Trainee: 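What follows is a structure written as structure tokens; I'll ask about it next.
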Amino acid sequence: MDFKAKLNLYSNYTNKVVCSYLPEEEGYQKTILEASNYSVINGGKRLRPMMMLASFELIRALKEKKCPPVESDSTDISKQSGRLLCEEDEACIGPFMAAMEMIHSSSLVHDDLPCMDNDTLRRGKPSTWAKYGEDMGTLAGDALMLYSFETAAKSTAQDKRFKDAVRVLASKSGIFGMVGGQTVDVELTGKKPTRKQLEYIYKNKTGALIEASFMIGAILAGADEKEVEALEKCALSIGMAFQIRDDILDVESTEEELGKPIGSDSECGKITWLTFYGKEQAEQDVRTYTAEAIDIVKKLGGHGFLEELLSYLVTRKN
Ligand code: GRG
């Protein structure tokens with residue numbers, strides 16, 4: 001199977017799992033349910049839950065000393081039904097995959113608000129606040145953030161793994177993760193950050209959820225502390241590469257391709273990796289961080305699809 005076919009398989013399956021946990025749009029609070037679901041269903045590459053799934057498969061294969069299912073040419077379930085996990089595994093990790101995408105979506109909803117980036121376009125469609133109003137946009141972000149934990153609680157993971165996974169989900173999303181990174185990003189808008197501050201922003205604002213995705217996938221598959229740490233490091237490199245590529249796209253892409261206005265960083269007065277280090281160095285850094293991440297995956301036994309996905313992200317167009 002070529003990479004594009006595998007990517008289709010993984011993203012369709014991930015999307016199905018994520019959407020299966022979205023709440024019904026009913027009751028007096030229907031508007032907020034619609035606004036929350038709109039922000040999740042409204043496109044999105046599903047990269048974080050997909051990475052969580054790949055990390056789960058990587059550790060599972062390492063533990064079982066066999067190839068990840070999608071790479072195998074034998075009678076794996078994916079070829080028969082487009083399903084990548086058996087029912088039991090899906091009940092364990094599925095709620096966390098959905099929870100991760102909900103937190104990610106809630107961060108995009110809040111990031112687009114007038115008090116943050118004031119963006120009216122997201123994934124080529126009106127951003128949530130632009131469609132539902134600023135009040136409902138704010139509430140939709142709040143609602144999704146909390147519903148993600150309600151969803152994670154549906155996991156059938158065993159006690160210790162469940163507790164560890166929830167702890168990672170909360171801490172990487174919060175003050176010592178994404179919220180921390182966004183705080184510094186907002187405070188330094190219009191000012192020149194130091195290298196350390198810039199690195200802190202990228203590691204936390206963008207990297208933290210990617211780290212959580214890898215770590216949770218690994219924890220649920222039974223990884224030991226060292227394996228979780230290795231994947232946290234791997235994900236940090238991916239997060240750095242991903243955000244630097246995002247900076248490049250903000251300058252080089254088109255609104256049509258990106259699904260949101262380009263040039264928004266400089267318009268907001270943000271110093272990015274690109275403006276700080278220059279285009280050549282930024283492109284080199286994307287390649288170096290990605291190579292570091294792939295090296296860690298290989299050292300843990302390798303995962304064909306994940307390695308290809310990471311290489312593909314170096315030149316992603318949206
Ligand atoms: C919700 C707890 C909580 C806090 C919100 C506003 C905020 C705090 C954080 C903003 C974080 C942010 C927007 C970081 C940028 C990360 C980034 C590059 C997102 C784009 O990710 P893609 O390309 O998006 O995976 P799609 O559209 O594919 O889902």
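Remember, it's a predicted structure, so these values are computed and weren't measured experimentally. The basis for the numbers below is simple: all heavy atoms, side chains too, and nothing from hydrogens, waters or symmetry mates.
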Trainee: Does a side-chain heavy-atom distance below 4.5 Å link Met97 with Ile216?
Mentor: no

Trainee: What residue pairs, at least two apart or across chains, pass ring-ring contact (aromatic ring centres under 6.0 Å, His included) with a residue in residues 204-238?
Mentor: none

Trainee: Mind listing the side-chain donor-acceptor pairs of residues 133-146 below 3.5 Å, one per line with the distance, residues two or more places apart or on another chain?
Mentor:
| residue | atom | partner | partner atom | Å |
| --- | --- | --- | --- | --- |
| Thr138 | OG1 | Glu134 | O | 2.7 |
| Asp142 | OD1 | His110 | NE2 | 3.4 |

Trainee: Does Leu113 sit in a hydrophobic cluster with other residues, and if so which ones, taking ILVMFWY side chains as linked at heavy-atom separations under 4.5 Å, directly or through other members?
Mentor: Trp129

Trainee: For a quick test of reading the model, state the closest non-hydrogen atom pair linking Ala99 to Ser148 and the distance between them.
Mentor: CB-O, 3.1 Å

Trainee: If you count every heavy atom of other residues, nucleotides or ligands that lies below 6.0 Å from Lys298 atom NZ, does the total exceed 12?
Mentor: no

Trainee: Taking the side chain as everything from C-beta on, heavy atoms only, tell me whether Leu9 gets closer than 4.5 Å to Met1.
Mentor: yes

Trainee: Could you measure the distance from the SG atom of Cys268 to the CG atom of Asp119? Nearest 0.5 Å is fine.
Mentor: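 Separation between the atoms: 7.0 Å.
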
Trainee: Holding to side chain to side chain contact (heavy atoms under 4.5 Å, CB included), I want the full list of residues that pass it with Ala130, two or more places apart in sequence or in another chain.
Mentor: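 Only Thr120, Pro126, Ser127 meet the side chain to side chain contact (heavy atoms under 4.5 Å, CB included) criterion with Ala130.
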
Trainee: State, with a plain yes or no, whether a side-chain heavy atom of Lys203 is found less than 4.5 Å away from one of Glu211.
Mentor: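 Yes; the side chains approach each other to less than 4.5 Å.
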
Trainee: So which atom in Gly222 and which in Ile59 form the shortest heavy-atom distance, rounded to 0.1 Å?
Mentor: C-CG2, 4.3 Å

Trainee: Are more than 12 heavy atoms from other residues, nucleotides or ligands located less than 6.0 Å from atom CG of Asp159?
Mentor: no

Trainee: What's the shortest heavy-atom distance between Arg122 and Asn42, and which atoms?
Mentor: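 In this case the closest contact between Arg122 and Asn42 is O-ND2, 3.8 Å.
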
Trainee: Decide yes or no for Asp246 and Thr206: does some side-chain heavy atom of the first lie under 4.5 Å from some side-chain heavy atom of the second?
Mentor: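 No. Closest side-chain heavy atoms not under 4.5 Å.
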
Trainee: Could Lys131 and Tyr38 be counted as a cation-pi pair, given that NZ or CZ must be under 6.0 Å from the ring centre and within 45° of the axis?
Mentor: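 That pair qualifies as a cation-pi contact.
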
Trainee: Working to the nearest 0.5 Å, report the span between OH of Tyr202 and CG of Asp185.
Mentor: 8.0 Å

Trainee: Counting distance only, does the side-chain N/O of Thr288 pair as donor-acceptor with the main-chain N or O of Gln284 below 3.5 Å?
Mentor: yes

Trainee: Are the side chain of Ser155 and the backbone of Cys92 linked by a donor-acceptor contact shorter than 3.5 Å?
Mentor: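 Checking the backbone N and O of Cys92 against the side chain of Ser155, a donor-acceptor pair under 3.5 Å is found.
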
Trainee: Can you see whether Phe242 has Arg316 sitting over its ring - NZ or CZ less than 6.0 Å from the centre and within 45° of the normal?
Mentor: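 Geometry flag: set, cation within 6.0 Å and 45°.
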
Trainee: Out of Asn15, Thr14, Asn12, which residue meets the side-chain hydrogen bond (donor to acceptor under 3.5 Å, both in side chains) rule with Arg46?
Mentor: Asn15

Trainee: When you measure from the side chain of Glu101 to the backbone of Ala98, do you find a donor-acceptor pair of N or O atoms at a distance under 3.5 Å?
Mentor: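 Judged by distance alone, no pair lies under 3.5 Å.
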
Trainee: Could you state the interatomic distance from CG (Leu274) to CG (Asp250), rounded to the nearest 0.5 Å?
Mentor: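 Atom-to-atom, Leu274:CG and Asp250:CG are 9.0 Å apart.
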
Trainee: Closest heavy-atom contact between Gly217 and Ser55?
Mentor: C-OG, 3.9 Å

Trainee: Between Phe276 and Gln281, is there a side-chain heavy-atom distance shorter than 4.5 Å?
Mentor: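 Gln281 vs Phe276: side chains apart.
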
Trainee: So do Glu90 and Tyr13 actually touch side chain to side chain, heavy atoms under 4.5 Å?
Mentor: yes

Trainee: Using a strict cut-off of less than 4.0 Å between a Lys/Arg side-chain nitrogen and an Asp/Glu carboxylate oxygen, indicate whether Glu232 and Lys172 qualify as a salt bridge.
Mentor: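 Between Lys172 and Glu232 there is a salt bridge, with a charged N closer than 4.0 Å to a carboxylate O.
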
Trainee: Does Gln197 use its side chain to pair, donor to acceptor, with the backbone of Thr194 at less than 3.5 Å?
Mentor: yes

Trainee: Please walk me through it: do Lys279 and Glu283 pass salt bridge (charged side-chain N to carboxylate O under 4.0 Å, His left out)?
Mentor: CA-CA 6 Å; Lys279 182 170 159 21; Glu283 280 173 348; 2.9 Å; yes

Trainee: Check the pair Lys233 / Glu292 against salt bridge (charged side-chain N to carboxylate O under 4.0 Å, His left out), numbers first and verdict last.
Mentor: CA-CA 9 Å; Lys233 201 159 166 255; Glu292 279 170 18; over 6 Å; no

Trainee: Which heavy atom in His303 sits nearest to a heavy atom in Val297, and how many Å separate them?
Mentor: N-CG1, 3.8 Å

Trainee: Go through the steps to decide whether Arg60 and Asp89 satisfy the test salt bridge (charged side-chain N to carboxylate O under 4.0 Å, His left out), and finish with yes or no.
Mentor: CA-CA 11 Å; Arg60 190 42 87 70; Asp89 287 342; 2.9 Å; yes

Trainee: Just to verify, what does Tyr277 make a ring pair (Phe, Tyr, Trp, His ring centres under 6.0 Å) with, not counting sequence neighbours?
Mentor: Trp273

Trainee: To the nearest 0.5 Å, what is the distance between CD1 on Ile262 and CD on Glu267?
Mentor: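 Interatomic distance, Ile262 CD1 to Glu267 CD, rounded to 0.5 Å: 10.0 Å.
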
Trainee: Should Leu249 and Asn318 be marked as a side-chain contact (heavy atoms from CB on, under 4.5 Å) after you check the CA-CA gap, both sets of side-chain angles, and the distance that decides it?
Mentor: CA-CA 7 Å; Leu249 288 175; Asn318 68 13; 5.6 Å; no

Trainee: To the nearest 0.5 Å, what is the distance between CE on Met215 and CE on Met51?
Mentor: 15.5 Å

Trainee: Using the rule that two of Ile, Leu, Val, Met, Phe, Trp, Tyr join whenever any of their side-chain heavy atoms come within less than 4.5 Å, decide whether Val17 and Ile41 are in one cluster.
Mentor: yes

Trainee: Check the pair Leu85 / Ile93 against side-chain contact (heavy atoms from CB on, under 4.5 Å), numbers first and verdict last.
Mentor: CA-CA 9 Å; Leu85 294 169; Ile93 192 176; 3.4 Å; yes

Trainee: Scan the side chains in residues 25-35 for donor-acceptor partners under 3.5 Å anywhere in the protein, sequence neighbours excluded, and list what turns up.
Mentor:
| residue | atom | partner | partner atom | Å |
| --- | --- | --- | --- | --- |
| Glu25 | OE2 | Asn37 | ND2 | 3.0 |
| Lys30 | NZ | Glu34 | OE2 | 3.0 |

Trainee: Should Ser39 and Leu108 count as side-chain neighbours, where that means a heavy-atom distance under 4.5 Å?
Mentor: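 Answer no - side chains too far apart.
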
Trainee: Take Arg48 and Ile210, measure what side-chain contact (heavy atoms from CB on, under 4.5 Å) needs, and give me the verdict at the end.
Mentor: CA-CA 6 Å; Arg48 292 153 192 80; Ile210 297 177; 4.3 Å; yes

Trainee: Tell me whether Asn204 contacts the main-chain N or O of Tyr200 through its side chain, where contact means a donor paired with an acceptor under 3.5 Å.
Mentor: yes

Trainee: Is the shortest side-chain heavy-atom distance between Phe162 and Ile219 below 4.5 Å?
Mentor: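 They are not in side-chain contact.
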
Trainee: Can Lys270 and Asp247 be said to form a salt bridge (charged side-chain N to carboxylate O under 4.0 Å, His left out), step by step?
Mentor: CA-CA 10 Å; Lys270 269 186 195 169; Asp247 299 344; over 6 Å; no

Trainee: Are Leu209 and Tyr10 connected in a single hydrophobic cluster, I mean Ile/Leu/Val/Met/Phe/Trp/Tyr linked by side-chain heavy atoms less than 4.5 Å apart?
Mentor: yes

Trainee: As an exercise, state the distance from NZ of Lys6 to CG of Leu84, rounded to the nearest 0.5 Å.
Mentor: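 Spacing of NZ (Lys6) from CG (Leu84) equals 11.5 Å.
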
Trainee: Taking a hydrophobic cluster as the set of Ile, Leu, Val, Met, Phe, Trp and Tyr residues connected by side-chain heavy atoms closer than 4.5 Å, whether directly or through intermediates, do Met52 and Val166 fall within one such cluster?
Mentor: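 Yes; Val166 is reachable from Met52 via cluster members.
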
Trainee: Closest approach of Asp111 and Met116, non-hydrogen atoms and distance?
Mentor: O-CB, 3.3 Å

Trainee: Tell me, with the steps shown, if Phe305 and Glu57 meet side-chain contact (heavy atoms from CB on, under 4.5 Å).
Mentor: CA-CA 10 Å; Phe305 170 69; Glu57 288 179 339; 5.9 Å; no

Trainee: Please indicate whether Lys163 has more than 12 foreign heavy atoms, meaning atoms of other residues, nucleotides or ligands, lying under 6.0 Å from its NZ.
Mentor: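 Not more than 12 within 6.0 Å, no.
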
Trainee: In the single-linkage hydrophobic clustering (I, L, V, M, F, W, Y; side-chain heavy atoms under 4.5 Å), do Val286 and Ile296 co-cluster?
Mentor: no

Trainee: Determine whether Phe3 and Met50 fall in the same hydrophobic cluster, where Ile, Leu, Val, Met, Phe, Trp and Tyr are linked whenever their side-chain heavy atoms lie under 4.5 Å apart.
Mentor: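 Yes, Phe3 connects to Met50 through the hydrophobic network.
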
